[in-house]
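All residue numbers in this chain count up from 1 along the given sequence. None of the values given here were measured: they were computed from a predicted structure. Order of listing sets the numbers, starting from 1, for every ligand and every atom in it.
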Amino acid sequence: MSVPVNHPRKASLDVRHRLTEGLGGGIVAPAGLIAHGRGEAFDYLLGERTPVEAARAERAAAALLLAARRPVVCVNGNVAALCPREVVALASAVGAEIEVNLFYRSLGRERRIRRVLMDAGARRVWGVGSRGRTVPGLSSERARADKPTVEADVVLVMLEDGDRTECLRRMGKRVVAVDLNPLSRTARKASLTIVDNVVRALPRMTDYARAMGAWDHGRLKAAYRGFDNKANLRLAESRIRGGFRRRR
Ligand code: PTJ
């Protein structure tokens with residue numbers, strides 16, 4: 001179904017349709033729609049725009065990913081349905097591997113998500129049918145890990161639950177999280193949290209990464225070292241609280 005161009009909620013409805021189509025195509029898990037609804041509520045209170053503190057986090061994250069020795073971008077069903085081309089563009093801009101990581105795992109879903117990413121231009125997609133390697137401390141299917149995640153120094157996670165972020169941190173990795181809920185465990189446990197909609201965050205990070213592409217390590221480090229994640233999360237939370245007042 002196409003939404004009329006003059007519909008006041010067109011952008012939001014188009015995003016919803018990408019998810020419902022993803023559900024029909026076996027990309028998105030049924031619970032992915034619920035997760036999206038929660039994200040939408042936070043986004044509504046943010047004004048459905050990237051606030052300045054999110055832009056700051058996106059810039060620092062781009063620098064951190066560029067400075068990483070072995071960065072990896074992890075992709076679940078929602079992200080594959082919402083922004084496959086943007087995943088590929090970011091991974092290419094920062095030199096990261098792409099790995100499928102699912103909570104509601106099935107080999108069929110992993111393969112379909114790989115196909116979506118390859119169709120979007122990915123050269124290689126990891127994490128399909130991976131066996132043996134795991135993230136220690138996790139009992140869900142998310143524990144499965146392929147070579148890029150095991151070896152990564154910086155891991156980008158989007159729309160995930162907090163357990164894996166915690167375990168990845170315990171492995172000594174830096175975790176960049178995209179999560180519209182600044183109170184979530186993922187948001188609080190990540191090294192660097194972007195409180196923004198993934199559909200806006202990824203293109204912005206790619207733009208920053210392209211602009212910083214020729215920077216040396218020292219300059220990149222300076223761009224992420226001063227970033228205070230806790231302070232930034234407090235700003236995001238207070239903006240969302242303020243959203244109630246602005247919407248009344
Ligand atoms: O594809 P699978 O099998 O790996 O399953 C994926 C889901 C999304 C079902 C699974 O990871 C899940 O249940 O996630 P949670 O625990 O509901 O967490 C999702 C988080 O992402 C919540 O804090 C939401 O607010 C947030 N979120 C939802 N949509 C967006 C978002 N953050 C950024 N951009 C969004 N579009």
Undergrad: Quick test: of every protein heavy atom, which one is nearest to atom 26 (C) of ligand 1, and how far off is it to 0.1 Å?
TA: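 Going atom by atom, the protein heavy atom closest to atom 26 (C) of ligand 1 ends up being D179 OD1, 3.4 Å.
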Undergrad: At what distance is the nearest protein heavy atom to atom 15 (P) of ligand 1, and which residue and atom is it?
TA: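 It is R38 NH2, 3.8 Å.
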Undergrad: Would R115 and D119 pass as an ion pair if we require N to O under 4.0 Å?
TA: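 Looking at R115 and D119, the cut-off is met.
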Undergrad: Starting from atom 32 (N) of ligand 1, which protein heavy atom do you reach first, and at what distance in Å?
TA: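 Residue, atom and distance for the closest contact: L180 N, 3.1 Å.
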Undergrad: Could you establish whether D196 and ligand 1 come within less than 4.0 Å of each other, counting only heavy atoms on the residue side?
TA: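 It does, in that a heavy atom of D196 comes within the 4.0 Å cut-off of ligand 1.
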Undergrad: Provide the closest heavy-atom pair for L159 versus N78 in the form atom of the first, atom of the second, distance.
TA: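 Minimum heavy-atom separation between L159 and N78: CD2-CB, 3.6 Å.
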Undergrad: Tell me whether E97 is salt-bridged to K147, with the criterion being a basic N under 4.0 Å from an acidic carboxylate O.
TA: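 Looking at E97 and K147, the cut-off is not met.
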Undergrad: Measure from atom 9 (C) of ligand 1 to every heavy atom in A80, S106, G32 and give the option owning the shortest one.
TA: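 Result: the heavy atom closest to atom 9 (C) of ligand 1 is in G32.
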Undergrad: With a 4.5 Å limit on heavy-atom distance, are the side chains of L183 and R188 in contact?
TA: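 Yes - at least one pair of side-chain heavy atoms lies under 4.5 Å apart.
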Undergrad: Of all the atoms in ligand 1, which lie at a distance below 4.0 Å from a heavy atom belonging to F103?
TA: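 It comes down to these atoms of ligand 1: 2 (P), 3 (O), 4 (O).
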Undergrad: Does R142 come within less than 4.0 Å of ligand 1, judged by its heavy atoms?
TA: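 It does, in that a heavy atom of R142 comes within the 4.0 Å cut-off of ligand 1.
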Undergrad: Tell me the protein heavy atom at minimum distance from atom 34 (N) of ligand 1, and give that distance in Å.
TA: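 So the nearest neighbour among protein heavy atoms is V198 N, 3.0 Å.
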Undergrad: Provide, to 0.1 Å, the distance between atom 12 (C) of ligand 1 and the closest protein heavy atom, together with that atom's residue and name.
TA: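 Nearest protein contact, heavy atoms only, for atom 12 (C) of ligand 1 is A35 CB, 4.3 Å.
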Undergrad: Among all protein non-hydrogen atoms, which one is nearest to atom 5 (O) of ligand 1, and what is the separation to 0.1 Å?
TA: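 Among all protein heavy atoms, the one nearest atom 5 (O) of ligand 1 is Y104 CD1, 3.8 Å.
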Undergrad: If you measure from atom 36 (N) of ligand 1 to every heavy atom of V178, L202, N197, which option wins on shortest distance?
TA: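 Looking at heavy atoms only, the winner is N197.
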Undergrad: For R109 and ligand 1, answer yes if some heavy atom of the residue is under 4.0 Å from a ligand atom, otherwise no.
TA: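 For ligand 1, residue contact (heavy atoms, under 4.0 Å) with R109 is present.
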Undergrad: Any idea which protein heavy atom is nearest atom 18 (O) of ligand 1, and the distance to it?
TA: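 Result: E160 O, 3.7 Å.
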Undergrad: Considering the options I240, V15, V195, N197, which one meets the side chain to side chain contact (heavy atoms under 4.5 Å, CB included) requirement together with D43?
TA: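 Among I240, V15, V195, N197, the one meeting side chain to side chain contact (heavy atoms under 4.5 Å, CB included) with D43 is N197.
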Undergrad: Between G129 and R105, which heavy-atom pair has the shortest distance, and what is it?
TA: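 Looks like CA-NH2, 4.0 Å.
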Undergrad: Could you tell me which atoms of ligand 1, counted from 1 in the order shown, lie closer than 4.0 angstrom to a heavy atom of G77?
TA: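 Near G77, the atoms of ligand 1 are 1 (O).
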Undergrad: Do V135 and M171 make a side-chain contact, defined as non-hydrogen atoms from C-beta onward lying under 4.5 Å apart?
TA: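 Touching, per the 4.5 Å side-chain cut-off.
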Undergrad: So which heavy atom in the protein is nearest atom 14 (O) of ligand 1, and how far is it from that ligand atom?
TA: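 Of the protein heavy atoms, L159 O, 3.8 Å lies nearest.
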Undergrad: Nearest heavy atom to atom 6 (C) of ligand 1 wins, so pick from L102, N76, V79, I34.
TA: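 Considering heavy atoms of L102, N76, V79, I34, the nearest to atom 6 (C) of ligand 1 sits in N76.
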Undergrad: Using 4.0 Å as the upper bound for N to carboxylate O, is an ion pair formed by E237 and R241?
TA: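 Salt bridge: yes.
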Undergrad: Would you check if V116 and I113 make a side-chain contact, meaning some heavy-atom pair closer than 4.5 Å?
TA: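 Result no, sub-4.5 Å side-chain heavy-atom pair not found.
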Undergrad: Just wondering, do V125 and M118 contact through their side chains at under 4.5 Å, heavy atoms?
TA: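 Heavy-atom side-chain distance check passes, below 4.5 Å.
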